[in-house]
Amino acid sequence: MRGWLKATIGLVVLSGLLLGADRIAVGVAEDEAADRMVKSGRMGQRPDVSIEGFPFLTQVVSRRLDDVRISSDGLTVENDGHQVALHSFKARLSGVSVGDSLNTATVATGSGSGVISYPDLAQLLPPASQLLGGVQLPVGGNSRLNLSYGGPGKIKASLGPVSVGEATVRNNGNTITVEGLKLSSLAEVFSGLGNKKIEPAGFTLDSMPAGLSLAAQNGVTPLPEGLQLSFEGKDVKLLG
């Protein structure tokens, strides 16, 4: 009985030591991975990294991490050199194959999301006068559209006091297009352009976090807080 008790205590102590070593190792790996993502250019700011699954050390031996989560609230996305903030970015990376000393890493599948505010979205679109084919309104004609949430699948737009209606937003690859806007009858008071359709306006995002791309289906979704971007990727090179 006494020998059994000693063996049990020994196993408990050993398990505690192994658990502690495993948690220390995963913490070090998370910090190192965050630093290397920035150095590799896959992330514009140091993210928070969480390596899920237990035990971690067995994943290290197999050189494959089952589930990696990254998040950041200070990233940017870019169109032709113009950067805007990407808020609340979160991503889940599955099947991450790593090389020696974390020098390389490839993601089997990845998905994530982030939000661009409506004022920032307006900055990525052409000026109002360009959208109107060069015609300028006396009020707000040289400015950007004012954008806001217009309900499920819609955004509202205006130019000063002039409503420009509601638009749909879609994406084709990393190119985002806003379409369906037209000037209201109030615009006729200012310029005789009542019910003039505004040409679809688009832009292409040049840089994406973690090497992901906009999702092929429903890559953009209007939300009350801004335009949500949904990301995805397969066989994505994360490091190296």
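Just so it is clear, the values below take in all heavy atoms, side chains as well, and ignore hydrogens, waters and symmetry mates. This chain uses plain numbering: 1 for the first residue, then up along the sequence.
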Under 3.5 Å, which donor-acceptor pairs do the side chains of residues 201-214 form with other protein atoms, sequence neighbours left out?
unit_1 : atom_1 : unit_2 : atom_2 : d
T204   : OG1    : T175   : OG1    : 2.7
D206   : OD2    : D80    : N      : 2.6
S207   : OG     : E78    : N      : 3.4

Residue pair [X] / [Y]: nearest heavy atoms and the distance that separates them:
X: P200; Y: T177; result: CB-CG2, 4.0 Å
X: P222; Y: I155; result: CB-CG2, 3.8 Å
X: S117; Y: H87; result: N-CD2, 4.4 Å
X: S50; Y: E30; result: CA-OE2, 3.4 Å
X: A29; Y: I51; result: CB-CD1, 4.0 Å
X: L75; Y: S72; result: CG-OG, 3.6 Å

Would L229 and L86 satisfy side chain to side chain contact (heavy atoms under 4.5 Å, CB included), going step by step from the backbone distance to the final call?
CA-CA 9 Å; L229 307 183; L86 180 66; 4.1 Å; yes
Please, which pairs that meet side-chain hydrogen bond (donor to acceptor under 3.5 Å, both in side chains) have at least one residue in residues 220-240, sequence neighbours excluded?
none
Hey, could you give me the [atom1]/[atom2] distance between [X] and [Y], rounded to the nearest 0.5 Å?
X: D73; Y: K90; atom1: CG; atom2: NZ; result: 9.5 Å
X: Q123; Y: Y118; atom1: CD; atom2: OH; result: 16.0 Å
X: S88; Y: L223; atom1: OG; atom2: CG; result: 10.5 Å
X: D66; Y: S94; atom1: CG; atom2: OG; result: 8.5 Å
X: D48; Y: I70; atom1: CG; atom2: CD1; result: 10.0 Å
X: R69; Y: E52; atom1: CZ; atom2: CD; result: 5.0 Å

Holding to salt bridge (charged side-chain N to carboxylate O under 4.0 Å, His left out), I want the full list of residues that pass it with R92, two or more places apart in sequence or in another chain.
D67
I need the single residue from L121, I176, L147 that forms a side-chain contact (heavy atoms from CB on, under 4.5 Å) with V169. Which is it?
I176
Give me the one residue out of L93, V98, T104, T106 that meets side-chain contact (heavy atoms from CB on, under 4.5 Å) with L238.
L93
Keeping N171 on the side-chain end and G219 on the backbone end, is there a donor-acceptor pair under 3.5 Å?
yes
For R42 and S40, indicate whether the former's side chain and the latter's backbone hold a donor-acceptor pair under 3.5 Å.
yes
Could D31 and R46 be called an ion pair, given the rule that one side-chain N must be under 4.0 Å from one carboxylate O?
yes
Can you run down the ring pair (Phe, Tyr, Trp, His ring centres under 6.0 Å) pairs that involve residues 218-240, sequence neighbours left out, and say none if there aren't any?
F89-F231
Using the ring pair (Phe, Tyr, Trp, His ring centres under 6.0 Å) rule, collect all pairs that involve residues 208-228, keeping only residues at least two apart or in two chains.
none
What I'd like to find out is whether the side chain of V77 reaches to under 4.5 Å of the side chain of V84, using heavy atoms alone.
yes
Who passes side-chain hydrogen bond (donor to acceptor under 3.5 Å, both in side chains) against E166, sequence neighbours left out?
none
